[in-house]
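Source: prediction; values computed, not measured.
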2 protein chains.
Amino acid sequence: MIGLGNCIEMMDEGIDRVNQVIPQLPRDEAKLCRLLLMVGTGLEEDLEFQLKPHKLNHSEFLTLMILYSRPDGSSTPGELCEFASQGATNMTRIGNALSKRGLIVRGASAEDRRRVAIRITAAGRRFVQKVLPPLFPRLDTMFDGFSTTDKRNFSHLLRKLAHNLDQLHADPAP
Amino acid sequence: MIGLGNCIEMMDEGIDRVNQVIPQLPRDEAKLCRLLLMVGTGLEEDLEFQLKPHKLNHSEFLTLMILYSRPDGSSTPGELCEFASQGATNMTRIGNALSKRGLIVRGASAEDRRRVAIRITAAGRRFVQKVLPPLFPRLDTMFDGFSTTDKRNFSHLLRKLAHNLDQLHADPAP
DNA sequence: GGATTATATTTCACTGATGAAGTGAAAAAT
DNA sequence: ATTTTTCACTTCATCAGTGAAATATAATCC
């Protein structure tokens with residue numbers, strides 16, 4: 001384990017050197033991109049590490065949280081696919097895993113019987129309420145030293161970037 | 001494909017609702033964390049998509065770029081493991097893949113014969129110089145609308161977060 | 001000089017993602 | 001009314017990426 005800091009240092013120097021050979025390289029943008037990739041990976045690894053004791057992976061956790069956050073605690077596989085950015089096949093597997101543990105139930109949709117209604121159970125809610133709170137101190141530590149302004153700026157910048165990424169994907173030209 | 005924007009909107013509302021049930025939830029921090037995860041995943045998917053035509057995955061690309069960025073174009077598996085955040089097993093596989101394509105060569109290290117010296121070849125350098133430039137316009141578009149100050153702030157915030165993540169991992173308590 | 005440590009590779013196995021085909025139900029066409 | 005088409009999800013088979021442990025070889029340390 002070498003730490004993000006050292007990787008970042010190395011990345012800075014590396015991109016600077018590449019930039020000397022290839023001056024057209026957008027140096028700052030490339031650095032930001034690598035930074036985001038590193039931090040994103042680090043964050044994801046950390047989260048999965050926290051979830052492992054509960055035998056949950058990221059997509060299962062996210063799916064369960066989406067259901068928990070719903071006013072009526074229910075959704076459909078298709079909708080969950082979209083919001084959890086998962087393929088239908090995976091969502092089936094996730095549903096299997098969660099329902100096997102009694103955290104959700106699958107039922108037939110009343111209005112459209114092609115659809116499957118997925119609902120979080122009381123046990124599922126209790127589970128979330130048990131798993132979530134231990135994550136809070138870690139969240140606080142992550143943003144240690146971030147002022148309210150920092151957080152607002154950060155949020156703003158990330159949302160702007162997300163918007164640009166959406167544009168990129170809508171318009172495949174560049 | 002539903003886009004990051006919609007996912008973010010849904011996440012905002014979801015976390016707000018969860019926050020009403022669980023007031024101890026650090027709302028803004030949780031949102032920032034999810035934002036970073038989404039943007040990070042989006043960025044990674046985009047990069048892998050760009051690399052696919054060249055039959056490279058992210059870790060192979062990163063490894064090759066590290067070698068390219070080195071003043072002498074060489075390193076060792078162990079060092080590459082650290083900077084590419086990969087296990088030794090994977091680095092062997094990456095080395096196999098890259099050397100099979102003639103982009104790198106493996107040789108014995110002069111001073112320590114336990115070590116393997118990995119060096120980028122002339123063909124490897126040409127390959128990087130072919131693959132890299134088409135990525136630039138995409139990088140520029142990603143940070144469209146970002147002022148110089150925006151980029152500096154963004155970089156600063158990401159580095160601060162990376163530092164906090166390192167602290168978290170060094171000190172496993174929280 | 002034998003034990004220990006360091007470096008890299010191989011083997012085996014796992015997890016999660018993905019694609020193709022299948023099932024059952026609703027909607028549209030005839 | 002029946003057929004066809006489309007949709008929502010599932011099943012099955014497969015694959016890519018990764019990780020842990022055993023192995024081989026070389027350096028280092030009493």
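Per the geometry, CE belonging to A/Met91 stands 16 Å off P belonging to C/dG19, to the nearest Å. A/Leu56 has its CG atom 10 Å from the P atom of C/dG16, to the nearest Å. The interatomic distance linking A/Leu98 (CG) with D/dT10 (P) rounds to 12 Å, in whole Å. Put simply, NZ on A/Lys55 is 14 Å from P on C/dC14, counting in whole angstrom units. If you take CZ of A/Arg115 and C1' of C/dT23, they are 18 Å apart, rounded to a whole angstrom.
Just one of A/His58, A/Arg138, A/Lys52 meets the side-chain contact (heavy atoms from CB on, under 4.5 Å) condition when paired with A/Leu47; it is A/His58.
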Q.
Protein within reach of the bases, or only the backbone? For nucleotides 13-24 of chain D, mark each nucleotide 5' to 3' as B, S or -, using heavy atoms under 4.0 Å.
A. ----SBBBB---

Q: Spell out protein contact along nucleotides 25-30 of chain D as letters: B when the base is contacted, S when just the sugar-phosphate is, - when no protein heavy atom is under 4.0 Å; keep the 5' to 3' order.
A: -BS---

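Within 6.0 Å of atom NE2 in A/His54, more than 12 heavy atoms from other residues, nucleotides or ligands are found, so the atom counts as buried in its surroundings.
Judged by a 6.0 Å distance limit and a 45° cone about the ring axis, B/Arg159 is not positioned over the six-membered ring of B/Phe154. Geometrically, A/Lys151 does not engage A/Phe143 in a cation-pi contact defined by less than 6.0 Å to the ring centre and at most 45° from the axis.
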Q: Report the C-alpha distance between A/Leu158 and A/Leu36 in whole Å, list the side-chain angles of each, state the deciding distance to 0.1 Å, and finish with yes or no for side chain to side chain contact (heavy atoms under 4.5 Å, CB included).
A: CA-CA 10 Å; A/Leu158 284 167; A/Leu36 274 158; 4.0 Å; yes

Q.
Let's go through B/Asp16 and B/Lys31 carefully: what are the C-alpha distance in whole Å and the side-chain angles of both, what is the deciding distance for salt bridge (charged side-chain N to carboxylate O under 4.0 Å, His left out) to 0.1 Å, and is it a yes or a no?
A. CA-CA 9 Å; B/Asp16 285 342; B/Lys31 286 190 181 178; 3.0 Å; yes

Q | salt bridge (charged side-chain N to carboxylate O under 4.0 Å, His left out) evaluation trace for A/Arg115 with A/Glu79 | A | CA-CA 11 Å; A/Arg115 285 204 158 89; A/Glu79 197 183 21; over 6 Å; no

Q: Would you sort out whether A/Leu56 and A/Glu48 count as a side chain to side chain contact (heavy atoms under 4.5 Å, CB included), showing the intermediate values?
A: CA-CA 8 Å; A/Leu56 278 182; A/Glu48 299 232 315; over 6 Å; no

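With salt bridges taken as basic N to acidic carboxylate O contacts below 4.0 Å, none links A/Lys160 and B/Asp144. Contact check on B/Arg152 versus A/Asp28 returns no salt bridge, with no Lys/Arg side-chain nitrogen under 4.0 Å from an Asp/Glu carboxylate oxygen.
Looking at residues 64-80 of chain A, you'll see A/Thr76, A/Pro77, A/Gly78 sit with a heavy atom under 4.0 Å from some atom of DNA chain D.
Contact record, B/Leu161 with A/Met142: CD1-O, 3.4 Å, taken as the closest heavy-atom pair.
Between C/dT9, D/dC9, D/dT11, one nucleotide has an atom nearer to the side chain of A/Asn96 than all others, and that is D/dT11.
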